[in-house]
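Each remark here refers to the structure printed beneath this line.
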Protein chains: 2
Amino acid sequence: MATTAAPPTPAFSPLYQQIKALMLRELQAGVWRPGETIPSETELAGRFKVSQGTVRKAIDELAAENHLVRRQGKGTFVATHGEQQTQFRFLRLQPDDGVSEGTTRRFIDCRRLRAPADVARALGLRSGDAAIQIKRVLSLRDAPVVFDEIWLPAGPFKGLTAERLSDYRGPMYQLFESEFGVRMVRAEEKIRAVAAQGESAELLALPEGTPLLSVERLSLTYGDKPVELRRGLYHTATHHYRNELS
Amino acid sequence: MATTAAPPTPAFSPLYQQIKALMLRELQAGVWRPGETIPSETELAGRFKVSQGTVRKAIDELAAENHLVRRQGKGTFVATHGEQQTQFRFLRLQPDDGVSEGTTRRFIDCRRLRAPADVARALGLRSGDAAIQIKRVLSLRDAPVVFDEIWLPAGPFKGLTAERLSDYRGPMYQLFESEFGVRMVRAEEKIRAVAAQGESAELLALPEGTPLLSVERLSLTYGDKPVELRRGLYHTATHHYRNELS
DNA sequence: TAGTGGTCTAGACCACATC
DNA sequence: ATGTGGTCTAGACCACTAA
């Protein structure tokens, strides 16, 4: 029997999904900027020629994906990494007892380099393209706990210097948003246990061989485009990485 | 001015939240059992004397929280740990390359003991209450990769033996559902890096001092009641713990 | 063909924030 | 008082599944 391959489904797409895609374009294009409000539901309904309920469902999903934040009576806002709630949204390390206190950052290094092959692959660059490498140490109770090596594509982050990093008050991702228009939407982490050695042992003031948590984070912006590779080493004697499963 | 403390908000609760609470009760009471379908939206609407849309919103949230699974054209089902999709929903370890292959389990031990103080505290037992301790090793490519020590309250799991564990085909959490009526709804994990030693080094066939991922999982059932404390040690030379941030 | 969930609409009303 | 998001309803119609 000659069966012709059925077309891969004529792609039925609900109206609210189309609206959602249009709204994502506004976000990606920077028309709606982090922290600002977007037009009201009724206005969007008029603009897109659909009912308010349909706009509402689109916004519901965008809010569930952390793109937008609803605030009753005030409006719907573009999510940002600068808010209190989401201050360290991506940092899952926390002290074994109570809540974290004074976090201090110390930038060790910030230089422009050719991206090594593995970094280039992760960031979707061509091998040899320019990239920015940042090294820093986070201390959580006057004791160094995190050593991060951060790689960024040089293009979108042109002009990033050690000074701007250390001068900036607030989360690094907020600086990326406001100064470079790059918003981290989500991230994937690969976690391992490794032994401290060389630079990491020295900067965290630990004997070589101390077990450390290795956290490799790939951060993505709109359209799942990778824009940051972060290799963190966490000392977990008095802190732990917290995760929720559901 | 004598200001009397305002009552802490008279607890306004939307209708759909009340419906949701009622439905959660059915789930908790075991009236609706894992894998089965629940009544259709229209029937529930009639039963609760609300519109279908209101029932729908309640189900939406229960589905988002992994209590229910919708299947268009078929019905709405109580979520279970036995399905293909959610086979190892709570195991985040995966091989560095492709997808996992043959997973083999080996049960080392299963005994009834008095719960140590820390275990009792985590499980909400009184110190000295009976608990079941299980030890097992997971091998992922013929190589041992995970060593688990599992603690369960003896009450709900009365009659659990090493035989029933090794004889059962399928995920352990499915056995807990079908044989003991205990469904894990969500879990919290605390992750650290530690050094292999003694029993763990031996069972994972590693030299002492090898860095291992320590994953302490507290699993909760309905009403956030803790029902399992699991201490896992993962060898992460060829595997990693994967996490999504958003 | 009948039953289920999924989409879309239009309108009424409530809760919250601001002026 | 006004505008925003949040709830609730009733009804029409679509997409999927199974008998």
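A, B, ... follow the sequence lines: proteins, then strands. Residue 1 opens every chain. For clarity, every value in this text was computed on a predicted model and none was experimentally measured.
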Residue pair A/Asp96, B/Lys190: steps toward the salt bridge (Lys or Arg N to Asp or Glu O under 4.0 Å) verdict: CA-CA 9 Å; A/Asp96 293 339; B/Lys190 295 180 181 177; over 6 Å; no
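Every residue meeting the side chain to side chain contact (heavy atoms under 4.5 Å, CB included) condition with A/Arg121, not counting sequence neighbours, appears here in chain and number order: A/Asp118.
For the pair A/Val55/A/Arg47, no side-chain contact is recorded, criterion being any heavy-atom separation below 4.5 Å from C-beta on.
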Under 4.0 Å protein heavy-atom contacts per nucleotide of nucleotides 5-11 of chain C, with B for base, S for backbone only and - for none: BBBSB--
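In A/Arg25, the CZ atom is not crowded: 12 or fewer heavy atoms of neighbouring residues, nucleotides or ligands sit closer than 6.0 Å.
Sorted by first and then second residue, the ring pair (Phe, Tyr, Trp, His ring centres under 6.0 Å) pairs involving residues 43-71 of chain A (not counting sequence neighbours) are A/His67-A/Tyr222.
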